[in-house]
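Mind looking over this structure? Questions follow.
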Amino acid sequence: MNKVLSIGGSDTSGGGGIEADIRTFEKYNIFNLVAIENIVTMAPQTWAVTQYTEPNDLFAAQLQTTLAVDLNGIKVGMISDVDNFNTLVGYLESVNPSVLLVDPVMATKLSIDNDRMVNLETYKAKLLAKADIITPNILEAAMLTGVESINNVSEMKVAAEKLSSYGIKYVVIKSGSRFGDNLATDVLYDGTTFEIFQRESIATDYNHGAGCTFSAAVLANTVKGLPIHEAVLDAKNFTFQSIENAVRVNQFVGHVWQGENGHGATK
Ligand SMILES: Nc1ncnc2c1ncn2[C@@H]1O[C@H](COP(=O)(O)OP(=O)(O)O)[C@@H](O)[C@H]1O
Ligand SMILES: Cc1ncc(COP(=O)(O)O)c(C=O)c1O
């Protein structure tokens, strides 16, 4: 059975991060290990988010655990802390995974204050450049390429080219519903050719966890041997269905649902 490692944050409310990864990998029949770098919690009255970074020795011990397992791929999500980042980089250099997907989770649907994050240039040079696949949304792609904003498909393509020049094999940039044109557009660039994936944008705020679900599905498909085009297409459809099946968690938030028996909650 294929085994992957999911490294990132745990979302106590169950929507994004490691929790979305676990549900997604299970749907793809892939076994996953976890290394939790941070935990986010929410204030029950306001839903204000607090991020707790795992102590470095605990994070390192989780990564060490995985050295006893043959992994078919690694996914990296939200990393909150400089020391943990350096530990992660050392770990990736030592294991040299066959597929490394980095979802550069920096601009999420939650607002998280963080002044312990590694600076962007280091992030790009030491982590992003090692990735086989990256899956930023347009806000993250803008941050990573140093432009103010990305407003249309041609600007997505420019950003994808720039990110690809760091030596990344496959760049996937996601607009989600941010263009306000009723289309959710993803651009895939393989260093030579662009492919555009579009579906209608579902009118909902209940899409927390969509990005993690999408990137976990891309990794799952790649590990199973699908060519990148099919891996992305299937992941997009899987995520679309998970958004359609979203679960209302409370008055503040609704999360995507990867399981059967859709709930179909929208706000
Ligand atoms: N409202 C929506 N309707 C349809 N597809 C969506 C919607 N929001 C996001 N997606 C799709 O879900 C996937 C994850 O994108 P997105 O939510 O933008 O990522 P992130 O969580 O990193 O911001 C992409 O394939 C994107 O196009
Ligand atoms: C720990 C963690 N990682 C990643 C994410 C990103 O979630 P999304 O898939 O909505 O971008 C979140 C958002 O809730 C999170 O809490």
Side-chain angles (χ1 to χ4, degrees), residues 6-24 34-42 47 49-54 75-81 84 101-112 114 117 134-144 150 153 156 172-188 195-218 221 231-246 249 252-258 265-267:
S6 168
I7 303 170
S10 169
D11 173 359
T12 301
S13 75
I18 300 269
E19 285 69 22
D21 288 359
I22 293 172
R23 287 199 290 269
T24 303
V34 299
I36 297 175
E37 194 274 339
N38 65 86
I39 301 176
V40 295
T41 63
M42 295 83 186
W47 215 242
V49 176
T50 305
Q51 184 174 52
Y52 295 87
T53 292
E54 292 282 4
K75 175 183 172 214
V76 177
M78 189 194 285
I79 302 296
S80 66
D81 174 81
N84 286 344
L101 181 147
V102 177
D103 188 18
V105 179
M106 295 170 173
T108 70
K109 298 171 194 101
L110 303 171
S111 45
I112 300 175
N114 181 351
M117 188 43 209
I134 63 166
T135 55
N137 63 34
I138 51 170
L139 305 171
E140 292 153 348
M143 288 164 75
L144 291 165
I150 293 174
V153 173
M156 288 170 88
V172 186
I173 303 184
K174 310 158 298 185
S175 82
S177 52
R178 297 176 185 87
F179 288 156
D181 60 355
N182 297 322
L183 287 173
T185 303
D186 302 322
V187 171
L188 164 66
E195 282 188 69
I196 312 292
F197 300 83
Q198 275 180 325
R199 287 201 64 162
E200 90 187 73
S201 173
I202 302 166
T204 182
D205 290 335
Y206 290 173
N207 60 353
H208 286 246
C212 300
T213 300
F214 176 78
S215 53
V218 170
N221 283 329
V232 172
L233 182 62
D234 174 82
K236 183 164 180 68
N237 290 333
F238 180 76
T239 308
F240 188 89
Q241 193 184 317
S242 303
I243 299 171
E244 280 189 318
N245 289 349
V249 174
F252 299 111
V253 76
H255 291 326
V256 305
W257 172 245
Q258 297 83 355
T266 53
K267 189 186 83 177

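Small disclaimer: the values here were computed from a predicted structure and weren't measured. As the structure lists them, so they are numbered: ligands from 1, and atoms in each ligand from 1.
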Compute the shortest N/O to N/O distance between Gly9 and ligand 2 and return yes if it is under 3.5 Å, no if not.
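No; every N/O pair is 3.5 Å or more apart.
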Within a distance under 4.0 Å of any heavy atom of Asn207, pick out the atoms of ligand 1 and give their elements.
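Atoms satisfying the 4.0 Å criterion: 8 (N).
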How long is the straight-line distance from CG of Asn182 back to CD1 of Ile202, given to the nearest 0.5 Å?
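Atom-to-atom, Ile202:CD1 and Asn182:CG are 12.0 Å apart.
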Checking His255 side chain against Ser13 main chain: does a donor-acceptor pair fall under 3.5 Å?
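Checked: pair present.
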What are the atoms of ligand 1, with element, lying closer than 4.0 Å to any heavy atom of Thr239?
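So the atoms of ligand 1 that pass are 12 (O), 13 (C).
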Select the closest option to atom 4 (C) of ligand 2 among Gly8, Gly17, Gly209, judged by heavy-atom distance.
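The residue whose heavy atom sits nearest atom 4 (C) of ligand 2 is Gly17.
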Which of the atoms of ligand 1 are close to Ala184, meaning less than 4.0 Å from one of its heavy atoms?
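With Ala184 as reference, the close atoms of ligand 1 come out as 4 (C), 5 (N), 6 (C), 27 (O).
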Which of the ligand 2 atoms, numbered from 1, are nearer than 4.0 Å to a heavy atom of His208
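Per the distance check, 10 (O).
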With no hydrogens and no angle check, is any side-chain donor or acceptor of Glu140 less than 3.5 Å from a backbone partner on Asn137?
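Indeed, once roles are kept as given, a pair shorter than 3.5 Å links the two residues.
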Does ligand 2 have a heavy atom under 4.0 Å from the side chain of Ala20, from its backbone, from both, or from neither?
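The answer is neither.
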So does Ala210 get a backbone contact from the side chain of Asn207, meaning a donor-acceptor N/O pair under 3.5 Å?
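Between the backbone of Ala210 and the side chain of Asn207 there is no qualifying donor-acceptor contact (under 3.5 Å).
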Distance filter under 4.0 Å to Lys174 heavy atoms, resulting ligand 1 atoms:
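Reading through ligand 1 atom by atom, the close ones are 14 (C), 15 (O), 19 (O), 20 (P), 22 (O).
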If we check side-chain contact (heavy atoms from CB on, under 4.5 Å) with Val34, which of these qualifies: Asp21, Ile7, Ile18?
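With Val34 as partner, Asp21, Ile7, Ile18 yield a single side-chain contact (heavy atoms from CB on, under 4.5 Å), made by Ile18.
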What I'd like to find out is whether the side chain of Leu139 reaches to under 4.5 Å of the side chain of Arg178, using heavy atoms alone.
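Side chain of Leu139 against side chain of Arg178, heavy atoms only: contact under 4.5 Å found.
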Would you give the length of the straight line joining atom CH2 of Trp257 to atom OG1 of Thr213, rounded to the nearest 0.5 angstrom?
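So the gap between those two atoms works out to 11.0 Å.
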Contact atoms of ligand 2, heavy-atom distance to Val105 under 4.0 Å
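Once the distances to Val105 are compared, the set is 4 (C).
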Taking atom 6 (C) of ligand 1 as the point of reference, which of Asp186, Asn137, Thr204, Ile243 owns the nearest heavy atom?
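Heavy atom nearest to atom 6 (C) of ligand 1 belongs to Ile243.
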When rounded to the nearest 0.5 angstrom, what distance separates OG1 in Thr24 from CD in Gln258?
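Thr24 atom OG1 to Gln258 atom CD measures 4.0 Å (nearest 0.5 Å).
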Heavy atoms only: which of Gln51, Met106, Glu140, Met78 is nearest to atom 15 (C) of ligand 2?
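Comparing heavy atoms across Gln51, Met106, Glu140, Met78, the nearest one to atom 15 (C) of ligand 2 lies in Met78.
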What I want to know is whether Glu140 and ligand 1 share at least one N or O pair that is separated by under 3.5 angstrom.
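There is no such contact.
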Find all atoms of ligand 2 within a distance of less than 4.0 Å from any non-hydrogen atom belonging to Asp11, and give their numbers and elements.
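So the answer, numbered in order with elements, is 14 (O), 16 (O).
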Could you report the tightest heavy-atom contact between Ser175 and Leu183, atom names first, then the distance?
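Residues Ser175 and Leu183, closest heavy atoms: OG-O, 4.0 Å.
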Do side-chain atoms of Glu37 reach the backbone of Ser80 as a donor and acceptor pair under 3.5 angstrom?
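Judged by distance alone, yes, a pair lies under 3.5 Å.
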From the options Arg199, Lys236, Lys174, select the one residue that forms a salt bridge (Lys or Arg N to Asp or Glu O under 4.0 Å) with Asp186.
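By the salt bridge (Lys or Arg N to Asp or Glu O under 4.0 Å) criterion, Asp186 pairs with just one of Arg199, Lys236, Lys174: Lys236.
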With a 4.0 Å cut-off on heavy atoms, is Arg199 touching ligand 1?
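Heavy atoms of Arg199 never come under 4.0 Å of ligand 1.
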Should Ile202 be counted as touching ligand 1, given the test is an N or O pair under 3.5 Å?
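The answer is yes, given that Ile202 and ligand 1 share an N or O pair closer than 3.5 Å.
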Can you find an N or O of Thr185 that's nearer than 3.5 Å to an N or O of ligand 1?
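There is no such contact.
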Test item, Glu200 contacting ligand 1 (heavy atom, 4.0 angstrom):
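Contact check Glu200 vs ligand 1: positive.
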Taking only heavy atoms of Val40, which atoms of ligand 2 are found under 4.0 Å from at least one of them?
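What qualifies from ligand 2 is 16 (O).
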Measuring only between side-chain heavy atoms, which start at C-beta, is Cys212 closer than 4.5 Å to Lys75?
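A side-chain contact under 4.5 Å exists here.
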Counting both backbone and side chain atoms, is some N or O of Gly16 under 3.5 Å from an N or O of ligand 2?
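Gly16 vs ligand 2: no N/O contact under 3.5 Å.
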